[in-house]
Amino acid sequence: MPQDTVSSAKLPRVRFAPSPTGYLHVGGARTALFNWLFARHTGGTFILRIEDTDFERSSEEMVGGILEGMSWLGLDWDEGPFYQSKRLDLYKETAAKIVAGGHAYPCFCTKEELEQRRKEATAAGRPPMYDRRCRRIPKEEADARIAAGQPAAIRFAVPEGGSTSFNDAVFGKVEFSNAEIEDFVLLRSDGIPTYHLSVVADDIDMRLTHIIRGADHISNTPKQVLQYRALGAELPIFAHVPLILGPDKTRLSKRHGATSVIAYKQMGIVPEAFRNFLSLLGWTPGGIKDENGKDREIFSSEELIKLFTLEGISKSNAVFDNDKLAWFNTEYIRAYPVQALLPLIEEEWKLAGFTATRSKDEIAHAIELLKPRARNLKDFATAFRSYFADEYEIDPAAAAKFLTGNVPTLLVELGDRYAAAAEFTEASTETLLRGFAEEKGLKAGALINGSRVALTGQTVAPSLFAVMMALGQKRVAERLKKVPQPIA
RNA sequence: GGCGCUAUCGUCUAGGGGUUAGGACGUGAGAUUCUCAAUCUUAAAACACGGGUUCGAUUCCCGUUAGCGCUACCA
């Protein structure tokens, strides 16, 4: 046995820390997924932390939405959810420690004053950074003003010279001149921490080892590094993940359509498909070949966990491609065993207020038949309705294409033949139809296509005789006899 | 504007000092003729630009351009 066995203290601890100011969006979900994958890959701990210190914009409802999205994606966490709103004491203590160390000071400027000065600075072409005027207030005076009840925010005293850098696991060394970093607010005058303080306080308190988050946080990182130093805490490893963009290459937002993860569920996307698709946005296992020597794209959760590394994260932003997601979805639906698909389909039926009037076996048979042609779970409640219930619409376009001439009339007669047929197998139904077509002197194809529309209401369907087997003799006969006749 | 980051087909990406620059999605064409958004075959499609370094750069370095991010008592 190696004497230096892995102690649990060494295992990675990571977190997903959404702000409940909206539903779980695609970008957040991807961040959560990467953290989860990393934790599961390394045997580490995945923590969920709700960053709800913006009381005006946060809501419990949004927390519920985020949790719902996480569970839909199958991302389970080991600790939490922790709520920052319940940990305010920790932030106050942390701020006090930074002040005590001489790295922060009270600031008496009001929000209005600051805004005014910022406006002036911008107008004058100067950088709109805080001018640090309160930093020069003597300690006695500051103490006196606080004692007198004047509200004060706590600002971090950023070093005047030099630079602050960190080694990012994705981007490498990133350096910022301290002159570019303003004396940011740690604690607001009402005692509520800002993001800058609460992340650091929590990340230290929760003993996080790796901070995997969106690249939009790169610019914030030096502010956090400064606090780690002021607190004498060990720096975690930062890994910034490139952003997900819309088709127009701007940051993905509502303008691009669905951004909430739950919206994809509602569109009939299978969670594993979504997860697989998301995992490959901004990350690559590095050219894993399939048996044909082609790069693989379909990976099970287990494979993803096994393959995931921080090194595989790419540096450039990725565009969210709905077409590719749709492809993953069809691949997953196709590959799913019926038994796995059934509960998902049943949920769709429920949502559509639909009741399948079929036996379990008939349902399973139909699903198996339909899987290769499904684009999403919704299809089973809409386009494929005729396989599961007897009320269904005939697509007018399909009727216009194939229920023409004397075909409808002949289909009625064909219905009688099927009703009277002694045998009803895939082979026998085909023989019967082809014989009937020959007898009537027209191409079998015309009757096949017409039958398909009459039987399913659709032009997209499996092989007609397979469809007949799924429907059964009685329904085939009835539906053919009920085929709508052309009005003229 | 300032600061930071990035740059391979339309999109996701593999690759990496010498390659016919590979795959996938999407798109085009053909096949199947029992339809189809299914299936099969096939085609078009990329190293942003300019300088270096080098025998040789798509690959390494610098610059330009473009894109994105940050620039709050939001997170």
Side-chain angles (χ1 to χ4, degrees), chain A residues 17-21 51-54 56-58 107 109-111 114-115 118 122 125-130 151-155 168 171 174-177 179-182 184-190 192-196 198-199 214-222 240 242-243 245 247 249-251 277 280-290 292-298 314-328 330 334 372-375 379 383 398 401-402 430 433 443-453 456 458-465 467:
Chain A
S19 164
T21 54
E51 309 218 323
D52 56 352
T53 53
D54 182 346
E56 309 207 334
R57 297 196 303 150
S58 300
C107 172
C109 302
T110 66
K111 206 171 175 178
L114 292 168
E115 206 162 312
R118 211 169 9 245
T122 315
R126 281 179 284 122
M129 277 171 63
Y130 177 60
I154 302 297
R155 281 186 188 270
D168 194 281
F171 292 97
V174 183
E175 185 169 25
F176 290 82
S177 165
E180 301 295 333
I181 309 170
E182 76 172 341
F184 53 97
V185 171
L186 253 20
L187 212 55
R188 296 183 261 213
S189 49
D190 61 3
I192 305 300
T194 63
Y195 163 75
H196 299 300
S198 57
V199 246
D216 49 339
H217 285 291
I218 289 179
S219 310
N220 290 326
T221 309
H240 287 96
L243 302 179
L245 311 178
K249 305 273 187 92
T250 65
R251 215 227 269 243
F277 169 67
L280 261 17
L281 275 185
W283 173 78
T284 169
I288 304 284
K289 307 287 188 208
D290 64 16
N292 299 318
K294 297 184 172 176
D295 288 356
R296 283 186 58 197
E297 309 235 38
I298 304 284
S314 47
K315 293 186 175 75
S316 48
N317 295 339
V319 173
F320 188 94
D321 182 358
N322 270 303
D323 287 335
K324 187 124 188 191
L325 170 60
W327 174 76
F328 271 103
T330 58
R334 197 168 284 206
R373 265 158 247 260
R375 283 138 44 245
D379 282 343
K401 191 170 176 189
F402 293 122
E430 178 160 7
L433 185 141
K443 282 170 68 180
L447 286 178
I448 287 173
N449 291 330
S451 299
R452 175 178 297 106
V453 174
T456 69
Q458 300 287 316
T459 190
V460 176
S463 162
L464 177 68
F465 306 103
V467 170

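Chain identifiers are assigned alphabetically (A, B, ...) following the order of the sequence lines, protein sequences preceding nucleic acid strands; residue numbering begins at 1 within each chain. Here the structure is a predicted model, which is why all the values come from computation and not from measurement.
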Nucleotide opposite B/U6 in a Watson-Crick or G-U pair, distances under 3.5 Å: B/A66
Touch class at under 4.0 angstrom, heavy-atom based, for A/Glu297 against every strand present: base
Sugar-phosphate, base or nothing in reach of A/Arg334, heavy atoms under 4.0 Å: sugar-phosphate
Euclidean distance for P, B/U64 against B/C3 (whole angstrom): 11 Å
Partner nucleotide, any strand, of B/U20 [Watson-Crick/G-U, under 3.5 Å]: none
Sugar-phosphate only, base, or nothing, as touched by A/Gly125 at under 4.0 Å among non-hydrogen atoms: nothing
Sugar-phosphate, base or nothing in reach of A/Ser177, heavy atoms under 4.0 Å: nothing
Distances under 3.5 Å only, N/O to N/O: pair up the protein atoms with those of nucleotides 19-22 of chain B.
{"unit_1": "B/G22", "atom_1": "N2", "unit_2": "A/Asp295", "atom_2": "OD2", "d": "2.6"}

Separation between the C1' atoms of B/A14 and B/C9, rounded to whole Å: 13 Å
Touch class at under 4.0 angstrom, heavy-atom based, for A/Thr330 against every strand present: nothing
Touch class at under 4.0 angstrom, heavy-atom based, for A/Ile192 against every strand present: nothing
Touch class at under 4.0 angstrom, heavy-atom based, for A/Asn220 against every strand present: base
Touch class at under 4.0 angstrom, heavy-atom based, for A/Pro462 against every strand present: base
Sugar-phosphate only, base, or nothing, as touched by A/Thr110 at under 4.0 Å among non-hydrogen atoms: base
Pair of N/O donor and acceptor under 3.5 Å linking B/A37 base with A/Arg375 side chain: yes
Whichever of A/Phe320 and A/Val460 has its nearest RNA chain B nucleotide further upstream toward 5': A/Phe320
Nearest-angstrom distance, C1' atom, B/U19 to B/A57: 13 Å
Touch class at under 4.0 angstrom, heavy-atom based, for A/Ser189 against every strand present: base
